[in-house]
Amino acid sequence: MKKIFLIFPLLLLFYCGNPDDALSTDSDANRPSTPVAETDIFNLKQLPTITIEVSLAQWNKLLENYDLNPANDKRVVSKFTFVTKGNTVVLDSVGLRLKGNTSRRRPEGDVGQVHSATSPDWHHSHFGFDFSKYRDAQRFMGLDKLNIKWFKDDATYIREIYCYDLFRRFGCWMAPKASYCRVTIKVQGDATPAYFGVYAMIENIDEIYIQKNASKWGNGTGFLWKGGWSGSNNANFVSTASIGVENVDINPALSTYFAYDLKTRKDELPAAKVELLQFISDLNTKTGAAFQTWIEQRMDVPLFLRTYATNVMVGMWDDYWANGNNFYFYFAPNGKAYFIPYDYDNTLGTSQIMANSGTQNPLTWGNMTQRPLITKILAIPQYQTMYKNFITELANPNNDYFHASKSIPRIQAWQNKIYPYVTNATGEDMVIEDKPAPWGNQPNYRVLTGNALGGNSGPGNYFSSKKANIPW
């Protein structure tokens with residue numbers, strides 16, 4: 001690995017004014033922006049910069065809200081500047097929030113501390129932008145929201161980027177788009193901005209995302225659900241004990257969470273719940289030819305299996321099949337339901353729940369009795385064959401998909417692009433290394449080197465091991 005040098009990015013914007021206002025002045029609002037296409041936002045050939053400018057009062061509010069409830073989704077006011085290929089977009093009055101579940105962190109200092117202009121203690125954190133929160137209909141190149149994530153426990157800086165890229169290469173068009181960016185935070189009044197390093201920039205799954213895909217699943221907005229864990233309940237499409245609209249209050253005692261969390265048309269929860277309950281009931285009660293006819297009417301089964309083959313090949317163990325977690329499910333206007341993959345940072349050899357994600361049989365990936373959405377489909381011979389063919393297609397060295405000979409050059413190109421920029425003001429994640437997360441159960445996996453022995457005899461290459469363990 002080449003030596004990584006510290007890069008001091010230029011301060012892109014200066015601001016003078018009341019630190020408690022909405023970061024909005026006539027000159028800001030009228031400042032011309034050079035057009036940037038969405039293809040320049042999620043473009044792995046580019047490395048754009050994002051500068052977040054926040055007043056001192058608003059930044060301290062962000063820290064205070066975290067102390068009151070780390071899971072809170074409260075926004076503070078910020079200014080957002082995006083620069084790529086010499087083109088600039090400036091948006092004021094943008095909602096800024098912290099994101100993440102177990103990965104959510106306080107971006108500066110310890111509990112109870114306010115911002116220090118002279119000796120700040122920065123921490124990597126995930127952030128979300130809400131462009132219309134304080135300005136109705138404000139968009140960033142058509143987007144209403146955008147997420148940026150630090151590479152928590154991913155010293156390779158590629159896992160989530162690789163997975164979303166592979167989904168889209170393989171025709172899984174529902175996967176969110178993702179690419180790299182460089183992030184700088186400027187708290188007004190500080191002498192210099194804080195460079196936070198290289199982040200993943202990920203498309204938000206919301207109504208704008210739904211509208212952009214209208215040609216695929218019909219005009220209008222159906223009911224979108226996010227599936228995950230809430231207490232002892234998960235979104236396994238068996239249990240129906242935890243269905244609702246999540247409400248994260250600044251007071252944790254008043255917050256409510258659900259395994260199936262409605263994300264669109266939230267004021268129509270009763271109707272949305274009826275549709276979801278009927279789907280779960282039919283999924284679990286229909287059998288034989290009646291089930292096959294029904295599932296073909298209610299889902300694009302080949303697309304779902306193409307998505308799941310990709311999911312299993314990248315080793316997503318914190319998914320629906322293994323853990324009843326981390327996916328969106330959309331009931332579209334065309335009458336079909338769509339599975340949308342989500343949250344792929346712990347993949348490619350970083351695993352926990354299963355013994356070895358690189359050697360696990362793709363036909364028995366996860367829970368075989370409480371995951372009917374996948375297991376009942378794979379019980380149909382023609383669909384099991386289709387699923388196996390998708391996995392074979394992904395691993396074929398002649399295809400530019402998953403095989404080590406194709407994946408490694410892709411990863412190396414990304415790492416070569418970002419490596420001069422990873423050193424940052426947090427002092428965290430300062431090098432690029434080929435290793436999985438330290439808490440994983442297979443520390444020997446590598447993505448650029450290693451053998452095909454599944455990490456059981458020295459460093460194991462994840463791609464080669466996965467291909468070697470396809471049992472057909």
Side-chain angles (χ1 to χ4, degrees), residues 1 99-105 124-126 149-167 175-176 178 180 197-200 202 228-229 308-327 341-362 365-366 394-395 402 404 407-408 410-412 414-415 418 422 428-469:
M1 179 57 62
K99 289 185 68 70
N101 293 319
T102 59
S103 59
R104 191 175 302 210
R105 304 171 80 200
H124 273 147
S125 303
H126 303 321
K149 297 178 65 174
W150 64 292
F151 288 88
K152 179 183 183 296
D153 295 331
D154 181 14
T156 67
Y157 271 76
I158 59 91
R159 283 180 163 83
E160 196 150 26
I161 296 291
Y162 175 91
C163 293
Y164 287 136
D165 178 71
L166 183 63
F167 274 120
Y180 291 103
V198 176
Y199 270 58
I202 300 174
W229 277 87
Y308 231 97
T310 310
N311 175 91
V312 168
M313 288 298 278
V314 300
M316 173 51 162
W317 56 272
D318 195 15
D319 64 329
Y320 164 72
W321 195 351
N323 201 26
N325 196 31
N326 283 328
F327 66 93
Y342 178 73
D343 203 3
Y344 279 72
D345 47 357
N346 294 322
T347 52
L348 304 183
T350 289
S351 63
Q352 194 173 63
I353 288 177
M354 59 185 57
N356 189 324
S357 61
T359 61
Q360 181 79 6
N361 188 329
W365 179 251
L394 280 163
F402 178 84
S407 294
I408 290 174
R410 206 181 305 151
I411 289 169
Q412 289 174 326
W414 296 335
Q415 291 179 332
I418 67 173
V422 301
E428 304 166 340
D429 317 301
M430 302 279 274
V431 296
I432 296 175
E433 298 179 273
D434 190 1
K435 62 181 183 181
W439 46 258
N441 58 7
Q442 290 293 328
N444 288 326
Y445 271 123
R446 304 291 181 265
V447 295
L448 298 179
T449 61
N451 56 45
L453 300 178
N456 295 316
S457 179
N461 182 266
Y462 180 79
F463 302 106
S464 299
S465 297
K466 196 71 176 178
K467 184 181 187 308
N469 284 279

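What's counted below: heavy atoms across the whole structure, side chains too, no hydrogens, waters or symmetry copies.
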(message) A side-chain contact here means heavy atoms from C-beta on lying under 4.5 Å apart; do Asn311 and Trp365 qualify?
(response) yes
(message) Between Gln415 and Thr156 (side chain of the first, backbone of the second, donor and acceptor by atom type, cut-off under 3.5 Å), is there such a pair?
(response) yes
(request) Please confirm whether Tyr162 and Tyr462 have ring centers closer than 6.0 angstrom. (result) no
(message) Rounded at 0.5 Å granularity, tell me how far CG in Leu348 sits from CE in Met313.
(response) 11.0 Å
(message) Less than 4.5 Å apart, side chain to side chain, heavy atoms only: is that true for Asn356 and Asn469?
(response) no
(request) Could you grab the distance from atom CE of Met354 to atom CH2 of Trp321, nearest 0.5 Å is fine? (result) 9.0 Å
(request) Could you tell me whether a side-chain N or O of Asn326 sits under 3.5 Å from a main-chain N or O of Asp318, the two making a donor and an acceptor? (result) yes
(message) As an exercise, state the distance from CH2 of Trp439 to CG of Asn346, rounded to the nearest 0.5 Å.
(response) 3.5 Å
(message) Between Trp317 and Asn323 (side chain of the first, backbone of the second, donor and acceptor by atom type, cut-off under 3.5 Å), is there such a pair?
(response) no
(request) Take Glu160 and Thr347 through the test side-chain contact (heavy atoms from CB on, under 4.5 Å) and record every step on the way to the result. (result) CA-CA 8 Å; Glu160 196 150 26; Thr347 52; over 6 Å; no
(message) Tell me if the aromatic rings of His124 and Tyr199 count as close, with their centers under 6.0 Å from one another.
(response) yes
(message) Within the 4.5 Å heavy-atom criterion, are Trp414 and Ile161 side-chain neighbours or not?
(response) yes
(message) Between Lys149 and Asp343, does any NZ, NE, NH1 or NH2 come within less than 4.0 Å of an OD or OE carboxylate oxygen?
(response) yes
(message) I'd like to know whether CG of Asn101 has more than 12 heavy-atom contacts from other residues, nucleotides or ligands below 6.0 angstrom.
(response) no
